[in-house]
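To start, the structure under review is shown below, and the notes come after it.
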Amino acid sequence: MDLNEQKSAPIYEALERFRKGRIVPFDVPGHKRGRGNPELVNLLGEKCVGLDVNSMKPLDNLGHPVSVIRKAEELTADAFGAARAFLMVNGTTSSVQSMILSVCRAGDKIILPRNIHKSVINALVLCGAVPVYAEAKVNPKIGIAVGVETGEMRRVIEANPDAAAVFINNPTYYGVCSNIKEIVELAHTHGMKALADEAHGTHLYFGENLPMSGMAAGADMAAVSMHKSGGSLTQSSILLCGPDMDADYVRQIINLTQTTSASYLLLSSLDISRRNLALRGKESFAKVTRMAEYARTEINGIGGYYAYGKDLINGDSVFDYDVTKLSVYTQGIGLTGIEVYDLLRDEYDIQIEFGDIGNILAYISIGDRIQDIERLVGALEDIRHLYGKDTGGLYCGDFIQPEQVMTPQKAFYAKKKRLPIRETAGAVCGELIMCYPPGIPILTPGERITEDIIEYILYAKEKGCSLQGTMDVNAEYLQVII
């Protein structure tokens with residue numbers, strides 16, 4: 001990485017030149033630098049709204065970049081150690097789906113763990129690829145799926161030599177990493193592409209003593225959510241390509257679904273954040289690591305909670321752990337994760353990333369301060385004292401891997417009928433249902449519904465999890481295949 005080159009931020013600099021000009025706007029957006037919507041200016045500020053502009057020659061065009069955006073993408077590729085990089089403004093959902101659509105066509109197999117994000121399943125609905133699941137192990141103490149053992153991935157690859165690609169979470173939402181380097185090598189040995197979902201792994205490219213990044217492991221593509229731990233604006237993302245990908249074809253795939261009206265607020269935030277990480281990422285993520293490890297130690301000292309970390313590493317299903325993820329098992333104080341999540345927000349004005357049946361996740365990043373960590377620890381101690389109760393009767397929340405009956409695309413477009421959830425046992429699901437966040441599907445289109453799954457869904461709903469993905473907004477009914 002050339003640090004002198006990385007000091008440049010071409011999109012940001014082009015916007016600064018534009019702002020100093022006196023261009024009269026007869027183009028979109030229609031608010032005309034905010035003059036047509038004063039309430040928006042009051043909310044966001046004159047400078048922000050004034051930079052919400054359309055593509056024009058001096059600012060380049062994201063769909064076909066030839067100047068400042070192209071240069072920004074080249075700098076991004078250099079900073080992340082990739083052959084090519086694409087700036088994305090439809091979120092990491094778009095990055096993940098572009099990865100899959102770039103390597104899979106209708107009928108192609110793709111090997112993946114079942115604890116993938118809903119965006120992966122939606123990509124399979126779009127392109128007609130067939131999922132082949134490698135079993136992700138479950139940690140019975142904390143009730144979450146961890147990583148895929150290398151031996152299991154080898155077994156599935158050898159049983160499906162015609163698969164087009166292998167898909168890897170790096171890391172999972174909870175911070176768990178599989179042996180990505182060995183899995184990538186397995187995929188390549190068998191002529192398959194290796195794709196890395198790094199929605200929660202931006203910092204792996206810049207921090208020290210953190211798990212290996214997708215590009216360092218030799219992955220063909222990686223979807224990197226810059227807005228999560230990299231400091232850019234929400235909905236901005238990066239798609240990275242290795243040297244063996246046809247990047248011009250990937251651009252065509254991206255343009256199938258990405259907006260033609262790219263936000264320059266998002267693009268400039270990616271540009272500035274990339275520069276910041278390239279120049280100061282090492283020290284920034286060292287600070288994040290220290291804060292997260294301090295919080296982990298303090299929370300484990302409270303009693304009842306289990307803030308897990310590198311102690312989970314077993315050399316296989318948990319090959320490594322991302323210590324910047326402050327994941328905490330809460331059922332030791334008699335409360336589900338979602339109950340602690342709600343208490344932190346409603347009683348202590350603390351908004352964490354998510355709570356599920358057994359765990360909470362507090363996202364520690366470059367914008368956090370030690371006093372905020374102290375406040376979180378104090379609130380968790382208070383919650384244990386005021387709201388803690390007997391642990392009996394709590395559901396462990398073991399990760400369920402349903403039987404796949406038909407492909408997501410076939411099931412999604414099949415004829416369906418609506419049934420109350422309690423009456424769906426034995427039927428084949430025709431839609432997604434998940435707790436969001438984290439957005440890992442409980443059921444996907446084409447999977448068999450069982451009594452255990454029904455009980456899990458109802459328990460999650462009773463405890464206050466946000467159930468999403470169903471046509472019924474209240475998640476009282478499921479669409480099943482006729």
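Residue numbers run from 1 in the order of the sequence given. Computed from heavy atoms alone, side chains included, the values below leave out hydrogens, waters and symmetry copies.
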Inset, instruction - May I ask you to check whether over 12 heavy atoms, not counting those of Met56, lie within 6.0 Å of atom CE? - result: yes
Inset, instruction - Measure the spacing between NZ of Lys137 and CD of Glu149 and express it to the nearest 0.5 Å. - result: 4.5 Å
Inset, instruction - Please check if the side chain of Tyr264 supplies one atom and the backbone of Ile11 the other of a donor-acceptor pair under 3.5 Å. - result: no
Inset, instruction - Mind jotting down which residue pairs meet the ring pair (Phe, Tyr, Trp, His ring centres under 6.0 Å) criterion with at least one end in residues 77-114? Sequence neighbours excluded, please. - result: Phe80-Tyr205, Phe80-Phe206
Legend entry - Heavy-atom check, side chain of Val89 versus side chain of Leu267, under 4.5 Å: yes
Inset, instruction - Run the salt-bridge test on Glu283 and Arg280 with the 4.0 Å N-O cut-off and return the result as yes or no. - result: no
Legend entry - Aromatic ring proximity Tyr174/Phe354, centre distance under 6.0 Å: yes
Legend entry - His117-Tyr173 side chain donor-acceptor pair, cut-off 3.5 Å: no
Inset, instruction - State the SG-CG distance between Cys241 and Asp246, to the nearest 0.5 angstrom. - result: 9.0 Å
Legend entry - Main-chain N/O of Ile69 paired with Asp60 side-chain donor or acceptor, under 3.5 Å: yes
Inset, instruction - Verify whether one side chain among Ser237 and Thr92 offers a donor that lies under 3.5 Å from an acceptor in the other. - result: yes
Inset, instruction - For residues Pro441 and Ile116, report the shortest heavy-atom separation together with the two atoms involved. - result: CD-O, 3.1 Å
Inset, instruction - Using only heavy-atom distances, determine whether the side chains of Asn90 and Gln235 contain a donor-acceptor pair under 3.5 Å. - result: no
Inset, instruction - Apply side-chain contact (heavy atoms from CB on, under 4.5 Å) to Ala411 and list each qualifying residue two or more places apart in sequence or on a separate chain. - result: Met406, Pro445, Ile481
Legend entry - Close side-chain approach of Lys71 to Leu75, heavy-atom, < 4.5 Å: yes
Inset, instruction - State, with a plain yes or no, whether a side-chain heavy atom of Ile238 is found less than 4.5 Å away from one of Met88. - result: no
Inset, instruction - Mind checking salt bridge (Lys or Arg N to Asp or Glu O under 4.0 Å) for Lys287 and listing every partner two or more places apart, or none if nothing turns up? - result: none
Legend entry - Salt bridge Asp372-Arg369, side-chain N to carboxylate O under 4.0 Å: yes
Inset, instruction - Check whether any side-chain heavy atom of Leu265 sits under 4.5 Å from a side-chain heavy atom of Cys48, and report yes or no. - result: yes
Legend entry - Any Leu195 side-chain heavy atom under 4.5 Å of Ile168 side chain: no
Legend entry - Heavy-atom donor-acceptor pair, Asn169 side chain to Asn115 backbone, under 3.5 Å: yes
Inset, instruction - Please determine if Lys109 and Asp162 form a salt bridge, counting it only when a charged side-chain N lies under 4.0 Å from a carboxylate O. - result: yes
Legend entry - Distance in Å, Lys118 NZ paired with Met434 CE, rounded so as to fall on 0.5 Å steps: 4.5 Å
Inset, instruction - Describe, in one word, how the ring planes of His203 and Phe285 are oriented to each other, choosing from parallel (under 30°), tilted (30 to 60°) and perpendicular (over 60°). - result: tilted
Legend entry - Presence of salt bridge, Glu73 and Arg84, under 4.0 angstrom: no
Inset, instruction - Say whether, by atom type as modelled, one donor and one acceptor occur between the side chain of Arg274 and the main chain of Gln6 under 3.5 angstrom. - result: yes
Legend entry - Qualifying side-chain hydrogen bond (donor to acceptor under 3.5 Å, both in side chains) pairs, either residue in residues 27-54, two or more places apart: His31-Asp52
Legend entry - Flag for Asn314-Ser317: side-chain donor and acceptor within less than 3.5 Å: yes
Legend entry - Distance in Å, Thr324 OG1 paired with Ile366 CD1, rounded so as to fall on 0.5 Å steps: 11.5 Å
Inset, instruction - May I ask you to decide if Gly337's main-chain N or O and Thr330's side chain share a donor-acceptor pair within less than 3.5 Å? - result: yes
Inset, instruction - Can you measure from OG (Ser98) to CD1 (Ile254) and round to the nearest 0.5 angstrom? - result: 5.0 Å
Inset, instruction - Using modelled atom types only, decide if a donor and an acceptor are shared between the side chain of Thr259 and the backbone of Ser261 within a distance under 3.5 Å. - result: yes
Legend entry - Test side chain to side chain donor-acceptor pair (under 3.5 Å) applied to Gln468 - qualifying residues, sequence neighbours left out: Ser466
Legend entry - Donor-acceptor side-chain pairing of Asp220 and His188 below 3.5 angstrom: yes
Inset, instruction - Using a strict 4.0 Å threshold on nitrogen-to-oxygen distance, state whether Lys181 and Glu185 make a salt bridge. - result: yes
Legend entry - Within 6.0 angstrom of Lys310 NZ, more than 12 heavy atoms from elsewhere: yes
Inset, instruction - Determine whether Val166 and Leu112 make a side-chain contact, defined as any pair of heavy atoms from C-beta on separated by less than 4.5 Å. - result: no
Legend entry - Separation of Leu186 CG from Arg155 CZ (nearest 0.5 Å): 13.0 Å
Legend entry - Pair Glu374-Tyr294, side-chain donor/acceptor within less than 3.5 Å: yes
Inset, instruction - Evaluate the side-chain proximity of Ser268 to Leu51: yes if any heavy-atom separation is below 4.5 Å, no if none is. - result: no
Inset, instruction - Check whether any side-chain N or O of Glu431 sits under 3.5 Å from a backbone N or O of Met471 as a donor-acceptor pair, and report yes or no. - result: yes
Inset, instruction - Consider only side-chain N and O atoms of Gln351 and Tyr341, and report whether a donor and an acceptor are under 3.5 Å apart. - result: yes
Inset, instruction - Scan for side-chain hydrogen bond (donor to acceptor under 3.5 Å, both in side chains) pairs involving residues 122-135, sequence neighbours excluded, and state none if there are none. - result: none
Legend entry - Check: Lys325 and Pro171 side chains under 4.5 Å, non-hydrogen atoms: yes
Inset, instruction - Look only at the side chain of Arg105 and the backbone of Ala129, and say whether a donor-acceptor pair between them is shorter than 3.5 Å. - result: no
Legend entry - More than 12 heavy atoms from other groups under 6.0 Å of OH on Tyr306: yes
